[in-house]
Amino acid sequence: MIRLFLLFTILFQVSCDTPMRTRDPFGKPLSDTTLSQSEEDVDSFLSDENLDDVNSSDTLNSAGFDTCPSDYQYYAGDQIGYLLLCQSSQEEVSFKMKLKSTDLDIGTCFVPVHIRRDGNSFKLGIAECVHNEAGKLYDMRLTKERSESINGVMVIKANALNPYMQCMSAKVDYMNAYPGCQYNSSCMQAAQNYAYQVCSSFVSHYRNYYKQIRL
């Protein structure tokens, strides 16, 4: 489960850019009502050119993936179930993934994160989201927008993605609403309190909809 305190010390570093990109190996976009905070956002991410980063794969024996497990090694809660997730040893943004359960309706999203030694984490880029068939192996490329290494992935159902992103950006959102907040200790405390409330709500409502995996 996300450790709430970690979010409050690092939220000011997190970008507020549009948080998701939809992918579908069957050629249809995920529902824009569950993935985007606005129709304008989803329009920019549902173009045909953005539908080719998650592709079906037949084997784990390709270069960079020869040490991957052959079966599901993670359980990601009741809503996601069991999955295999393996990062390439040659390219950190390249992954192979398969889910034990089929999801052609809601979708499952993958957010690259960096997990610090103390367990604190922060997102490195937007989410890649996909509808999947049970047991099918997929190639996936995650989008990285920061210099830190990808050593973790937040796996989350698409209908919980917006609340997660709102949690991750809560502190900086509050600070942006009050110019000069970073120079005012009372304002910074209020921003931290606001982030705590937003993230607590996310964890309370969606605890079975996500799992942060350390790679």
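Along the sequence shown, the residues carry numbers beginning at 1.
Of all heavy-atom pairs between V153 and V113, the closest is N-CG2, 3.7 Å. When every heavy atom of Q90 is checked against every heavy atom of A63, the shortest pair comes out as NE2-CB, 3.8 Å. A pairwise comparison of heavy atoms in I150 and P112 identifies CD1-CB, 3.9 Å as the closest pair. When every heavy atom of R141 is checked against every heavy atom of E128, the shortest pair comes out as O-CG, 3.4 Å.
Here CE of M168 is found 7.5 Å from CE of M154. Values are rounded to the nearest 0.5 Å. To the nearest 0.5 Å, the span separating CD on Q87 from NZ on K96 amounts to 13.5 Å. Here the CG atom belonging to N162 is positioned 11.0 Å from the CZ atom belonging to F202, to the nearest 0.5 angstrom. Rounded to the nearest 0.5 angstrom, F65 CZ and E91 CD are separated by 8.0 Å. To the nearest 0.5 Å, atoms OH (Y210) and OH (Y164) are separated by 9.5 Å. A distance of 7.5 Å separates CZ of R116 from CD of E148, quoted to the nearest 0.5 Å.
Of the possible donor and acceptor atoms, one in the side chain of N132 sits under 3.5 Å from a partner among the backbone N and O of S101. Between the side chain of S149 and the backbone N or O of N151 there is no donor-acceptor pair closer than 3.5 Å. A distance-only check finds no donor-acceptor pair linking the side chain of N208 to the backbone of Q79 [under 3.5 Å]. At least one donor-acceptor pair under 3.5 Å links the side chain of Q73 to the backbone N or O of L85. A donor-acceptor pair under 3.5 Å is formed between the side chain of S169 and the backbone N or O of M165.
In terms of the ring-ring contact (aromatic ring centres under 6.0 Å, His included) criterion, F110 has no residue partners (sequence neighbours excluded).
Two residues are said to be in side-chain contact when any heavy atoms from C-beta on lie closer than 4.5 Å; H205 and P163 fail this criterion. Taking 4.5 Å as the limit, some side-chain heavy atom of E92 sits within range of a side-chain heavy atom of K144. Side-chain contact between M97 and T108: absent, with no pair of heavy atoms (C-beta onward) separated by less than 4.5 Å.
Of the candidates L142, V155, L161, V111 forms a side chain to side chain contact (heavy atoms under 4.5 Å, CB included) with just one, namely L161.
Under the 4.5 Å side-chain contact rule for hydrophobic residues, V203 and Y194 do not share a cluster. In the hydrophobic cluster analysis, where Ile, Leu, Val, Met, Phe, Trp and Tyr join through side-chain heavy atoms closer than 4.5 angstrom, L124 is grouped together with M140. Under a hydrophobic-cluster definition in which Ile, Leu, Val, Met, Phe, Trp and Tyr are linked whenever side-chain heavy atoms come within less than 4.5 Å, directly or via other members, M188 and Y174 are assigned to different clusters. The hydrophobic cluster containing I115 also contains I156, counting ILVMFWY residues as joined when their side-chain heavy atoms lie under 4.5 angstrom apart, directly or transitively.
Atom NZ of K100 is surrounded by 12 or fewer heavy atoms from other residues, nucleotides or ligands within 6.0 Å. Surrounding OH of Y178 are at most 12 heavy atoms belonging to other residues, nucleotides or ligands under 6.0 Å away.
Judged purely by distance below 3.5 Å, without hydrogens or angles, the side chains of N193 and Q189 pair a donor atom with an acceptor atom.
Annotation: cation-pi geometry not satisfied between K157 and Y209 (NZ/CZ under 6.0 angstrom from ring centroid, within 45° of ring axis). With a 6.0 Å cutoff to the six-membered ring centre and a 45° limit on the axis angle, K98 counts as a cation-pi contact of Y72.
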